[in-house]
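A short worksheet on the structure shown next.
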Amino acid sequence: MAKDVGVDAVEIRNDLKDQALGNGYSVAKARADADEAGVKVLTINALMDFNAWNDERATRAAEVIGAAAELGAMGVILVPYFTDRKPPEETVRAELDAAFKGLQPILSRHAMIGLVEPLGFERCSLSSKRIAADAIKALGGSEFRLVQDTFHHYVAGEPESYPEITGLIHISGVERTIPPAEMSDDDRIFVGEGDVLGTIEQTRHFIDRGYDGYISFEPFSPALRNDPDPRATIARSIDYVRQALVQ
């Protein structure tokens, strides 16, 4: 399908129920299938709860990053943990620094990039791109980059953007006119004319400032799972995004 719609790279999700990589689908088979199709595996998405660093996270990180390397990927998406009570900013930064310290040698050993994706939801432990950007810049290395997710950028209401340290853009659309705090993953569809997130404007902002990496769809709406013709839906959204970005 990716080749049919003119896409040369995909992300592999490993956090979807009954569809996880390794659940009857080996890394070797995934790499062989991708090579046969002429499609690059861009990332494994994701290492969950990466900033709750402990021995268990370190073991899981080695597994996921090693699998990504075997797939020929550029990196692994790093997703923060959720909490009922957001930690103070100094704790958030300390947790991030600890995770980076643990992840850096694993990533370096496999020549991988850790793609940090702050989530704009209030219950996410790391919703601020600013804190993540400061931590990445403090390291001064090349192992970590930000993910610019147009949905989470809108929901977070954080104005700052960091094209110079962004390694991937995730896009999705929302067409319900509701307050950002009420938006959820279930609202996320493919980008079209009715999008209220400003996805096109956000993406153009990055391109105008030198971003030349991949732009990856990340919709989650349950309605998409029942789409009778997903190929046509994807192709239509790709055409819309391409045309809108050059206007």
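Remember, it's a predicted structure, so these values are computed and weren't measured experimentally.
Checked by atom type and distance alone, the side chain of D8 never pairs as donor or acceptor with a backbone atom of V39 at under 3.5 Å. Counting only distance, with no hydrogens or angles, the side chain of D186 and the backbone of S221 share no donor-acceptor pair below 3.5 Å. Remark: side-chain polar atoms of Q202 are paired, donor with acceptor, to backbone N or O of L197 under 3.5 angstrom.
Heavy-atom minimum distance, V174 versus D195: N-OD1, 3.1 Å. The shortest heavy-atom contact between I44 and A67 is CD1-CB, 3.7 Å. Closest non-hydrogen pair, S184 versus F121, comes out as CA-CE2, 4.2 Å. Taking both residues in full, the closest heavy atoms of L42 and A73 are given as O-CB, 3.4 Å, listed atom of the first, atom of the second, then distance. Across every non-hydrogen atom of A132 and L96, the tightest pair is CA-CD2, 3.6 Å. Of all heavy-atom pairs between P87 and V92, the closest is O-CG2, 3.7 Å.
V76 meets the side-chain contact (heavy atoms from CB on, under 4.5 Å) test with L47, V64, I65, A68, L78; sequence neighbours excluded. For D33, the salt bridge (Lys or Arg N to Asp or Glu O under 4.0 Å) partners at least two apart in sequence or on another chain are K29. Residues satisfying the side-chain hydrogen bond (donor to acceptor under 3.5 Å, both in side chains) test with E89, not counting sequence neighbours, are R130. A search for side-chain contact (heavy atoms from CB on, under 4.5 Å) contacts involving I113 returns L115, R145, not counting sequence neighbours. With sequence neighbours excluded, no residue satisfies ring pair (Phe, Tyr, Trp, His ring centres under 6.0 Å) with H170. In terms of the side-chain contact (heavy atoms from CB on, under 4.5 Å) criterion, residue partners of P230 (sequence neighbours excluded) are, by chain and number, M1, D227. With sequence neighbours left out, E182 forms a side-chain contact (heavy atoms from CB on, under 4.5 Å) with I178, P179.
V191 and I207 fall within the same hydrophobic cluster, where Ile, Leu, Val, Met, Phe, Trp and Tyr residues are linked whenever their side-chain heavy atoms come under 4.5 Å apart, directly or through other members. Connection of I165 to I131 is established within a shared hydrophobic cluster, with ILVMFWY side chains joined at heavy-atom distances below 4.5 Å, either directly or through further cluster members. Grouping the Ile, Leu, Val, Met, Phe, Trp and Tyr side chains by contacts below 4.5 angstrom, directly or via other members, places I171 with V5. Hydrophobic clustering (ILVMFWY, side-chain heavy atoms < 4.5 Å, transitive): I189 and F151 are in distinct clusters. Taking hydrophobic clusters as Ile, Leu, Val, Met, Phe, Trp and Tyr residues chained together by side-chain heavy-atom distances below 4.5 Å, V116 does not share a cluster with V79.
Residue pairs that meet the ring pair (Phe, Tyr, Trp, His ring centres under 6.0 Å) test with at least one member in residues 48-102, sequence neighbours left out, are F100-F144. The list of salt bridge (Lys or Arg N to Asp or Glu O under 4.0 Å) pairs with a residue in residues 41-65, not counting sequence neighbours, reads R60-E63. Residue pairs meeting the side chain to side chain donor-acceptor pair (under 3.5 Å) criterion with at least one partner in residues 34-43, sequence neighbours excluded, are E11-T43, R31-D35. The salt bridge (Lys or Arg N to Asp or Glu O under 4.0 Å) analysis of residues 96-115, with sequence neighbours excluded, yields the pairs R93-D97. Within the structure, ring pair (Phe, Tyr, Trp, His ring centres under 6.0 Å) pairs that include any residue of residues 185-206 comprise F190-F217 (at least two apart or interchain).
Note: D149 CG to Y154 OH = 14.0 Å, rounded to the nearest 0.5 Å. In this structure, OG1 on T59 lies 8.5 Å from CD1 on I106, to the nearest 0.5 angstrom. The line from OG1 of T150 to CD of E201 is 10.5 Å long, rounded to the nearest 0.5 Å. Here OG1 of T199 is found 10.5 Å from NE2 of H153. Values are rounded to the nearest 0.5 Å. S125 contributes atom OG, which lies 4.0 Å from atom CG of N51 (distance to the nearest 0.5 angstrom). For the atom pair CD of E143 and CE of M112, the computed distance is 12.0 Å after rounding to the nearest 0.5 Å.
Side-chain contact check for H152 and K129: no donor-acceptor pair (N or O, by modelled atom type) lies under 3.5 Å. Checking E158 against S128 by side-chain atom types alone, a donor-acceptor pair falls below 3.5 Å. In this model, no donor atom of one side chain and acceptor atom of the other lie less than 3.5 Å apart for N45 and E117.
The number of heavy atoms from other shown groups lying within 6.0 Å of CD (E122) does not exceed 12. Counting non-hydrogen atoms of neighbouring residues, nucleotides and ligands closer than 6.0 angstrom, the CG atom of D212 reaches no more than 12 such neighbours.
Within the 4.5 Å cutoff, no side-chain heavy atoms of E70 are placed close to those of H110. Side-chain contact check for L168 versus I77: some heavy-atom pair is nearer than 4.5 Å. Side-chain contact between D84 and R123 is absent, with no heavy-atom pair separated by less than 4.5 Å. Proximity of V196 to M183: side-chain heavy atoms (C-beta onward) are separated by under 4.5 Å at one or more points.
The pair K137-D134 fails the salt-bridge criterion, with no side-chain N (NZ, NE, NH1 or NH2) lying under 4.0 Å from an Asp/Glu carboxylate O.
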Test T203 against I215 for side-chain contact (heavy atoms from CB on, under 4.5 Å), laying out the working first. CA-CA 9 Å; T203 306; I215 299 170; 3.6 Å; yes
